[in-house]
**Student:** 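Below: one structure in structure tokens.
Hydrogens, waters and symmetry mates are skipped; everything else that's a heavy atom, side chains included, is used. Numbered from 1 within each chain, the chains take letters A, B, ... in sequence-line order.
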Amino acid sequence: MIEITLPDGSRRNFAHAPTVREVAESIGPGLAKAALAGRIDGSLVDLGRLIEHDAHLEVITEKSPDALGIIRHSTAHLLAQAVQRLFPGAQVTIGPVIDNGFYYDFAYERPFTPEDLPRIEEEMRKIAAEALPLARTVKSRDEAIDFFRRLGEEYKVEIIQAIPASDELSLYSQGEFTDLCRGPHVPDTGRLKAFKLLKVAGAYWRGDSGNQMLSRIYGTAFLSDKDLNAHLRQLEEAERRDHRRIGKAQDLFHLQEEGPGLVFWHPRGWAIWQVVEQYMRRVYRDTGYGEVRCPQILDVSLWQKSGHWDNYQENMFFTESEKRTYAVKPMNCPGHVQVFKQGLHSYRDLPIRYGEFGACHRNEPSGALHGILRVRGFTQDDGHIFCTEEQIESEVAAFHRQALKVYTDFGFSDVQVKIALRPDKRLGDDATWDKAEHALRSALRGASVEWQELPGEGAFYGPKIEYHLKDAIGRTWQLGTMQVDFMMPGRLGAEYVDEHSVRRHPVMLHRAIVGSMERFIGILIEHHAGAFPVWLAPLQAIVLSITDAHAPYASQVAQALVQQGFRVQADLRNEKVGYKIREHTLQRVPYLLVVGDREMEQGAVAVRALSGADLGSMPLASFAARLASEARPG
RNA sequence: GCUCACGUAGCUCAGUCGGUAGAGCACUUCCUUGGUAAGGAAGAGGUCACAGGUUCGAUUCCUGUCGUGAGCACCA
């Protein structure tokens, strides 16, 4: 007798061990039809799985949050089967579910190209229509190796060989195709209806650039065509937000062949930059930083001492003069240490904080470049705090509060916080690392934030807090960071005198809030889809003359607002006002001020908001007051 | 850096199965002076990324270089 407990607490008894499907059938034919898989005592299984002991069972239908993952995983198998039908000799490797879809990596005599995708997708539809049932079998590790070796699937063999010999492995078969897989899967391929292959790409076997390049096919699958189409529309919407597209459309910046990864800022883009920079300068000022400015190039000997020569040379640019080699700075920290070293500091002076809008150059791999989000020349809001060990935690906590305040002011609420912990290759002893990691954790705990930990991802000199934000299509980019460094001050000879007149090396905290100005502005563009709030907008208002007769008044209005510190221009072109409105609306100017005879007579402006809302005619002073109230962060 | 794709007018793109190219928008000039998302006409504008090769002839085919895009690797 087997007793099954359902999620609602009710119990059902079976004379023999039932399958999940049989339990579902016993509840009702509707449920049996809708069932995709089951969850026995918390673990997901197939519909065909026998339940051999008393258990809690949940029948997974399309309504379950687990359904999508199962569908996508099964669709990845569908893709693999289709590829093997069409391209005999293609070997399967791995095909996991990822955010928003799945991929499958293949080893084949040639890479797949976008032209192959429609054919493959067609074959997938064929297999789905065949409604092939999926069968799960279990083999020992050695049997499984034997099985895949006979099929010529050397990559599968390699995967299995990494698994302990005692483990049992499950294999899933649908028609002629069998794949190693943990499961669960849909009961038959007919359950897969809404899918689409999206792109091809190269990917290294086991993610190691020393290994063979495999051919990866990305796809996505949903429970219904409606969901699939909604997702595809969302991708299109994300493309419209792309900072590269908006940057061009709004004349913010450009990049060109002669300067890969180097940004040319145009007046409108630089206006945004200036707002961000002045805002961040105020943050430096308000939080006790002295702003500094250090040289762009310094003799390599300094970079040899700092460790950059040994650890970072490949990413640095060099230049020469009079038989000396200089490095273009990739980081600001060595410069700040030089500032600290001028004169002798007492422990009473600590913490000492320096901030810089430091322009750095890093020779990033060409394939890493991406618009203004990943560049070779960039400016950091880079600060360094020289302090004692005891001061670390309060400094970190204060920084964290400030960083979140800044992100909030710029309109970001979805900020992911991560702590990158000690890497295998590191300097310093474990006690020091314990201390540093503890300081980061307890500072974050004190601020009651949730964070994710990334073991092994810290810098060689210390752990770091990372602040991540998402771009329009869901890629996350690290902006801010707070790093604890016990090494650099010693290497570069930074010292202070403690209360016992002993010279000691301070701890150095590396910190940035927006990270790179370029990246941050890129993210801002995408976040706001180019429609910036008034305080950030490159152009806050534009004055539109209706006819030539109103041009002098329009200029006068624009000039008056400019003199009050607003970013305002006049559009005096001989065009109809509707044309001008269309153009500046597309440029996402927050306020359009129309001036004609009525406004001229009354010293007024007719205000139209970007939304299209007509705010009516108002005295220029009223509009200026409105602008002033909106020209602040938040 | 690796794999694949792409590079045509200022922008967005079409095109040439090998015979030196076209649209829309923008730009210039003229007409129009019009009250809330495109008024009209005319004109100008391209060494088809760059360098080789094949060919009677290359923007088109091939090779290389540079750049861009997607992904991978990288991101101290």
**Student:** Which whole number of Å gives the distance between the C1' atom of B:rU59 and that of B:rU20?
**Tutor:** 8 Å

**Student:** For RNA chain B, write out the stems as range with range, using runs of 3 or more consecutive Watson-Crick or G-U pairs with both distances under 3.5 Å.
**Tutor:**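 When the pairs of RNA chain B are grouped into runs of at least three, the stems are B:1-7 with B:66-72, B:10-13 with B:22-25, B:27-31 with B:39-43, B:49-53 with B:61-65.
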
**Student:** Between B:rC11, B:rA70, B:rG34, which nucleotide has the shortest distance from any of its atoms to the side chain of A:H370?
**Tutor:**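 Closest nucleotide among those given: B:rA70.
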
**Student:** Are side-chain N/O atoms of A:Q313 and A:H308 paired as donor and acceptor at under 3.5 Å?
**Tutor:** no

**Student:** Choosing from B:rC66, B:rA37, B:rC4, which nucleotide comes nearest the side chain of A:E257?
**Tutor:** B:rC66

**Student:** Which whole number of Å gives the distance between the C1' atom of B:rC11 and that of B:rG45?
**Tutor:**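 Approximately 13 Å lies between the C1' atom of B:rC11 and that of B:rG45.
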
**Student:** Please confirm whether the shortest side-chain N or O distance from A:R374 to OP1 or OP2 of B:rC75 is below 4.0 Å.
**Tutor:**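 No, because none of the side-chain N or O atoms of A:R374 sits under 4.0 Å from OP1 or OP2 of B:rC75.
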
**Student:** When we call it a touch if two heavy atoms are under 4.0 Å apart, what does A:E599 touch: a base, just sugar-phosphate, or nothing?
**Tutor:**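 Base contact.
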
**Student:** Under 30°, 30 to 60°, or over 60°: which ring-plane class applies to A:Y461 and A:H510, parallel, tilted or perpendicular?
**Tutor:** parallel

**Student:** Hey, can you tell me if A:F412 and A:H528 have their rings parallel, tilted or perpendicular (30° and 60° cut-offs)?
**Tutor:** tilted

**Student:** Where the side chain of A:Y218 is concerned, which of B:rU12, B:rC72, B:rA70 is the nearest nucleotide?
**Tutor:** B:rC72

**Student:** Work out how far the P atom of B:rA49 is from that of B:rG10, and round it to whole angstrom.
**Tutor:** 13 Å

**Student:** In whole Å, what separates the C1' atom of B:rA26 from that of B:rG18?
**Tutor:** 33 Å

**Student:** Enumerate the residue pairs fulfilling salt bridge (charged side-chain N to carboxylate O under 4.0 Å, His left out) with a member in residues 254-264 of chain A, sequence neighbours excluded, ordered by first and then second residue.
**Tutor:**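 Output for this query is empty, none listed.
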
**Student:** Taking side chain to side chain contact (heavy atoms under 4.5 Å, CB included) as the criterion, tell me which of A:V484, A:D382, A:I385 meets it with A:R511.
**Tutor:** A:I385

**Student:** Which comes earlier along RNA chain B counting from the 5' end, the contact point of A:M213 or that of A:V607, where each point is its nearest nucleotide?
**Tutor:** A:M213

**Student:** Distance under 6.0 Å and angle within 45° of the ring axis: does A:R72 meet both against A:F222?
**Tutor:**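 Relative to the ring axis of A:F222, which defines the angle, A:R72 lies inside both limits.
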
**Student:** With sugar-phosphate meaning primed atoms plus P, OP1 and OP2, does A:R598 contact a base, only sugar-phosphate, or nothing at under 4.0 Å between heavy atoms?
**Tutor:** base

**Student:** Of the candidate nucleotides B:rC74, B:rG71, B:rA70, which contains the atom at the shortest distance from the side chain of A:A368?
**Tutor:**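 Nucleotide nearest to A:A368's side chain: B:rC74.
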
**Student:** Counting any heavy atom closer than 4.0 Å, what does A:G371 reach on the DNA or RNA strands: base, sugar-phosphate only, or nothing?
**Tutor:**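 Sugar-phosphate contact only.
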
**Student:** Using the C1' atom as the point on both nucleotides, what is the distance between B:rA58 and B:rU12, in whole Å?
**Tutor:** 26 Å

**Student:** Please measure how far the C1' atom in B:rG53 lies from the corresponding atom in B:rU3, and state the result in whole Å.
**Tutor:**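 Pairwise C1' distance, B:rG53 against B:rU3, rounds to 26 Å.
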
**Student:** Do the side-chain N or O atoms of A:Y103 get closer than 4.0 angstrom to the phosphate oxygens (OP1, OP2) of B:rA70?
**Tutor:**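 No, A:Y103 has no side-chain N/O under 4.0 Å of OP1/OP2 on B:rA70.
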
**Student:** Heavy atoms only, 4.0 Å cut-off, all strands: where does A:S209 land among base, sugar-phosphate and nothing?
**Tutor:**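 It contacts sugar-phosphate atoms only.
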
**Student:** Nearest-Å distance, CZ (A:R206) to P (B:rC74)?
**Tutor:**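 A:R206 atom CZ is separated from B:rC74 atom P by 16 Å.
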
**Student:** On a whole-Å scale, what distance lies between the C1' atoms belonging to B:rU65 and B:rG7?
**Tutor:**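 Per the computed distance, 13 Å lies between those C1' atoms.
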
**Student:** Which residue, A:E457 or A:G261, contacts RNA chain B at a nucleotide closer to its 5' end, judged by nearest heavy atom?
**Tutor:** A:G261

**Student:** Anything under 30° is parallel, anything over 60° is perpendicular, the rest tilted; go ahead and classify A:F340 against A:F386.
**Tutor:** parallel

**Student:** Please state whether the phosphate of B:rG1, meaning OP1 or OP2, lies under 4.0 angstrom from any side-chain nitrogen or oxygen of A:S366.
**Tutor:** yes

**Student:** Picking from B:rU68, B:rA38, B:rU36, which would you name as closest to the side chain of A:A606?
**Tutor:**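 For A:A606, the side-chain atoms sit closest to B:rU36.
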
**Student:** Taking the six-membered ring for Trp, are A:H73 and A:H77 parallel (under 30°), tilted (30 to 60°) or perpendicular (over 60°)?
**Tutor:**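 Ring orientation of A:H73 relative to A:H77: perpendicular.
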
**Student:** If I pick the P atom on B:rU32 and the same atom on B:rA41, what distance separates them, to the nearest angstrom?
**Tutor:** 15 Å

